[in-house]
Structures are given as C-alpha cells and as structure tokens.
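In what follows, chains are A, B, ... by sequence order, proteins preceding strands, each numbered from 1.
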Amino acid sequence: MTTKLILETPPDFNFKTAVYSHGWSQLLPFELDTENWCLSYVFNGEKPVSVIIDENGGKIKIDVSAAQMDQKTEEKILRDVRHILRLDDDLSEFYHLTKNEKRLAWVAELNGGRLLRSPTVFEDLVKTLCTTNCSWSLTKSMVRNLVEKLGTESADGKRAFPTAEAMANVSEEFYRSEIRAGYRSPYFAQLAAKVANGNLNPETWLDSELPTKELKKEMKSVKGVGDYAAENLLKLVGRYDGLALDSFLRSEFYKRHNAGNECDDKQIISFYEKFGTWRGLAIWCDMTEKWH
DNA sequence: GCGTCCAGGTCTACC
DNA sequence: GGTAGACCTGGACGC
C-alpha cells in the first residue's frame, strides 16, 4: 500500500541533473533506478518511511510505502524532499555568471548546479568522512555497512541512515571490525557521541549567520574534517566559496585546463576566482559536465 | 599468489 | 604557516 504526494518544482529545476549532480545518489539509503529514472530513499522518523521519488510533467511525485500517514509525517516528507532536491535554491546569479562561459553554458541550459544532499547535515557529515582518503568503492562499502548494521528498518524491509544515537551506542571497535572504517573509527565514535549528547548540532550549519571562514573553522573542529571535507559540507549547506579540492577535481583540472600537467592548488584557485562566492560550484560543474 | 600503489585526506609533531 | 610521516581499507596492477 502506498500513498502519493506531489510537489511543484521551480521552472529551472531538472530532476536528472540534480540526482546525477554528484555521487550521493549511489550511497544508501539513496538508491537510483536509471531504467525508470526514479530515486528511492528511506526517511528516519518514529518509524522509518521508504519513498520513491520521480518527476513527471514538472511535478515531483513521491510514492510513500505506508498505508496511512498522519499530517505531521506527510509534511516532514514533503519538507525533506524539498531539502534533498534543493527545490528552494536560487541559482539565477550562478546561471547569469556561467551562461556566457564556453565550458559552463550547459549548466543554465540543463538547469544544473543543484547538488543532491541528505535530509540532515549529520548524514552528509558522516558520508563526507567516508569519502576521505579512500576509493569510491570503499566509501560505498562503509556507508552500506553503516546503514545495514545500524539503520532502523522500514515497513518494506529497507533501512534508514543511522541516527547519531544509534551510532553513539556502538564502540570504536565496532567501526573498525564491522563498518571497516579503519583509522576513521574514533572519528565516527567521537562525532556520534558529541551529536547524541547535544554538544554539537550540525543542523545549525544550514542557517548559520557565521561568516563562511568561521563556519568552516567550526566544521573543522570535528575530528577527521579537514579542508576538503569542510568545503564539501559548505557546498551542501549552500555556500560555494571553497573549491573542496580533492584528487578527483585536481586530476580533472590538470586534464582539462593544464594539458595533463600537475600544478599548484593556487593556480586552480586563481582559475575560478572570477566566479566569486560561486567558485566552488563552478569548478564542480566544470569537472562533471560529461556526467550530464 | 604476492607485493606495491593509491584513492573524492587528515592528524600530529616539528620547524 | 608550512611540511613530513603515519594512518585503514580494498581494488588495480605488475610480476
């Protein structure tokens, strides 16, 4: 039994470019069906709720695997889907900056630039930690282990992303032996404990009034979060000042803009300076054009 | 089958 | 503030 919900989309919204914006759609509890072009997710709540999201005729359709829902749950699902697809982001200034750039004209044409995110900053933070210093396959493996071993099951047998409380209830050793997180294990244990006991609330980063430099400093106070991780998180809360340079972006930049030769990060930063506070989104779109 | 390298980096110690 | 070395894991690669 499913319940259908509908969301209106802004005119400059493109479901596929949002879903394919980066690797998040490959990380549980997201699951992407590229044949039917729909995205599944399992939302946390009193009881986890599994949904299938797709687009038809300029509207987002949400099939919820629940026979009955109270109004509060329905409103939360609608709010969360708006959040993960970034339906309320205003990218008009970014499109204005990029539409006359040869390599970036596609962004405004395809209504790109909306980076898929999780319903909570906590989930994005944990997933970002899973991307550091490892292959993408290991990132997927760690996230899968977190969901399958610590996530709560929904009615249809899928699992939600673990809450901070669930993650705080297991030991550092659990992260090593079961999640296969290696040296990141103490980072996960410490982070979960801080969030669960109220000493850290990453959700406040969404509408923080701190200048980006200060907010980045706060993010980096989390063990395991360095420049790349903090700048990636900043992009996910809507601030694109930092490039979030990692080995992928560097190697792509060398290929596309430096004849395959390595160069200093300062040269990359200088290259995107003209995009101002949008530079982090500009480099990401520049390096991922072929995905679209 | 085995060893080495390195991937969507960060931390700590040291200068 | 800048740099060297250590750090888990697992897939790719060469032999």
Side-chain angles (χ1 to χ4, degrees), chain A residues 19-28 30 32 113 115-118 121 123-149 167 170-192 194 200 202 213 215-237 239-258 260 262-269 272 279-292:
Chain A
V19 169
Y20 256 162
S21 54
H22 62 139
W24 256 216
S25 60
Q26 299 172 35
L27 299 179
L28 289 175
F30 283 116
L32 180 59
L115 303 180
L116 185 73
R117 60 185 172 186
S118 307
V121 182
E123 182 177 329
D124 281 337
L125 172 53
V126 173
K127 284 177 171 172
T128 298
L129 281 176
C130 290
T131 67
T132 58
N133 196 27
C134 65
S135 60
W136 182 242
S137 64
L138 183 56
T139 297
K140 289 196 283 189
S141 167
M142 284 188 278
V143 173
R144 184 172 60 247
N145 288 335
L146 283 168
V147 170
E148 290 179 350
K149 300 188 180 193
M167 287 184 63
V170 295
S171 66
E172 185 180 318
E173 177 52 32
F174 182 90
Y175 287 103
R176 282 188 193 278
S177 59
E178 300 295 320
I179 307 300
R180 309 301 293 166
Y183 71 91
R184 302 168 196 78
S185 300
Y187 303 159
F188 288 131
Q190 286 170 30
L191 169 63
K194 279 175 82 173
L200 176 71
K213 193 177 173 184
L215 183 56
K216 182 178 171 185
K217 193 175 169 184
E218 187 175 319
M219 290 172 167
K220 286 179 70 175
S221 70
V222 175
K223 288 280 187 205
V225 175
D227 281 329
Y228 151 76
E231 290 177 4
N232 188 56
L233 281 166
L234 283 168
K235 289 181 183 179
L236 295 176
V237 299
R239 303 200 198 198
Y240 305 99
D241 316 32
L243 300 190
L245 289 176
D246 55 20
S247 55
F248 166 72
L249 282 184
R250 289 189 181 93
S251 68
E252 289 297 314
F253 181 88
Y254 303 152
K255 280 187 269 186
R256 288 160 190 255
H257 296 298
N258 210 38
E262 290 187 16
C263 65
D264 197 272
D265 284 354
K266 286 176 186 166
Q267 187 177 327
I268 305 177
I269 293 166
Y272 292 97
R279 53 190 176 265
L281 193 53
I283 186 174
W284 185 258
C285 291
D286 194 9
M287 297 306 138
T288 58
E289 179 190 4
K290 61 187 173 190
W291 296 4
H292 306 285

Mark yes or no for whether [X], through its side chain, and [Y], through its backbone, hold a donor-acceptor pair below 3.5 Å.
X      : Y      : answer
A:Y175 : A:M167 : yes
A:S141 : A:S137 : no
A:E231 : A:L243 : yes
A:S21  : A:L116 : yes
A:S185 : A:R176 : yes

TODO: Using a strict 4.0 Å threshold on nitrogen-to-oxygen distance, state whether A:K216 and A:D227 make a salt bridge.
DONE: yes
Open item on the list: Does this structure show an ion pair linking A:K290 with A:E252, if we count only N-O contacts that are shorter than 4.0 Å?
Closed with: yes
Open item on the list: Counting the benzene-type ring for Trp, do A:Y272 and A:W284 have ring centres under 6.0 Å apart?
Closed with: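 Centroid distance A:Y272-A:W284: not below 6.0 Å, so no.
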Open item on the list: What contact category does A:A229 fall into here, base, sugar-phosphate, or nothing, at under 4.0 angstrom with non-hydrogen atoms?
Closed with: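 Sugar-phosphate contact only - A:A229 comes under 4.0 Å of backbone atoms but never of a base.
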Open item on the list: Using a heavy-atom cut-off of 4.0 Å across all strands, would you classify A:T132 as base, sugar-phosphate, or nothing?
Closed with: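 Here A:T132 touches the backbone only, sparing every base.
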Task: Crowding at NZ, A:K217 (>12 non-hydrogen neighbours, <6.0 Å) - done: no
TODO: I would like to know whether A:T131 and A:Y228 meet side chain to side chain donor-acceptor pair (under 3.5 Å); could you show each step before the answer?
DONE: CA-CA 10 Å; A:T131 67; A:Y228 151 76; 2.8 Å; yes
Task: By side-chain contact (heavy atoms from CB on, under 4.5 Å) - contacts of A:N133 (at least two apart) - done: A:Y183, A:R184
- [ ] Consider only side-chain N and O atoms of A:N258 and A:Q267, and report whether a donor and an acceptor are under 3.5 Å apart.
- [x]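 A pair is found: one side chain offers a donor N or O, the other an acceptor, under 3.5 Å apart.
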Just wondering, do [Y] and [X] contact through their side chains at under 4.5 Å, heavy atoms?
X      : Y      : answer
A:R180 : A:N145 : yes
A:D286 : A:F253 : no
A:V225 : A:T128 : no

TODO: Could you pick out which residue, A:W136 or A:K223, lies toward the 5' side of DNA chain B when each is mapped onto its nearest nucleotide?
DONE: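 Result of the comparison: A:W136.
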- [ ] For C:dA6 versus B:dG8, give the span between their P atoms, rounded off to a whole number of Å.
- [x] 23 Å
TODO: Rounded to whole angstrom, note down the C1' distance from C:dC8 over to B:dC5.
DONE: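 Between the two C1' atoms, the distance is 15 Å.
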Open item on the list: Can you list, in residue-number order, the parts of residues 178-187 of chain A that come under 4.0 Å of DNA chain B, counting heavy atoms only?
Closed with: A:Y183, A:Y187
Open item on the list: Can you pull out the residues from residues 281-292 of chain A that lie within a 4.0 Å heavy-atom distance of DNA chain B?
Closed with: none
TODO: Name the first nucleotide and the last nucleotide along DNA chain C (5' to 3') that come under 4.0 Å of a heavy atom in chain A.
DONE: C:dC7 to C:dG11
Task: Paired and unpaired positions of DNA chain B as dot-bracket, Watson-Crick or G-U wobble under 3.5 Å, | denoting a partner strand - done: |||||||.|||||||
- [ ] Name the first nucleotide and the last nucleotide along DNA chain B (5' to 3') that come under 4.0 Å of a heavy atom in chain A.
- [x]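 Both ends considered, the range comes out as B:dA7 to B:dT12.
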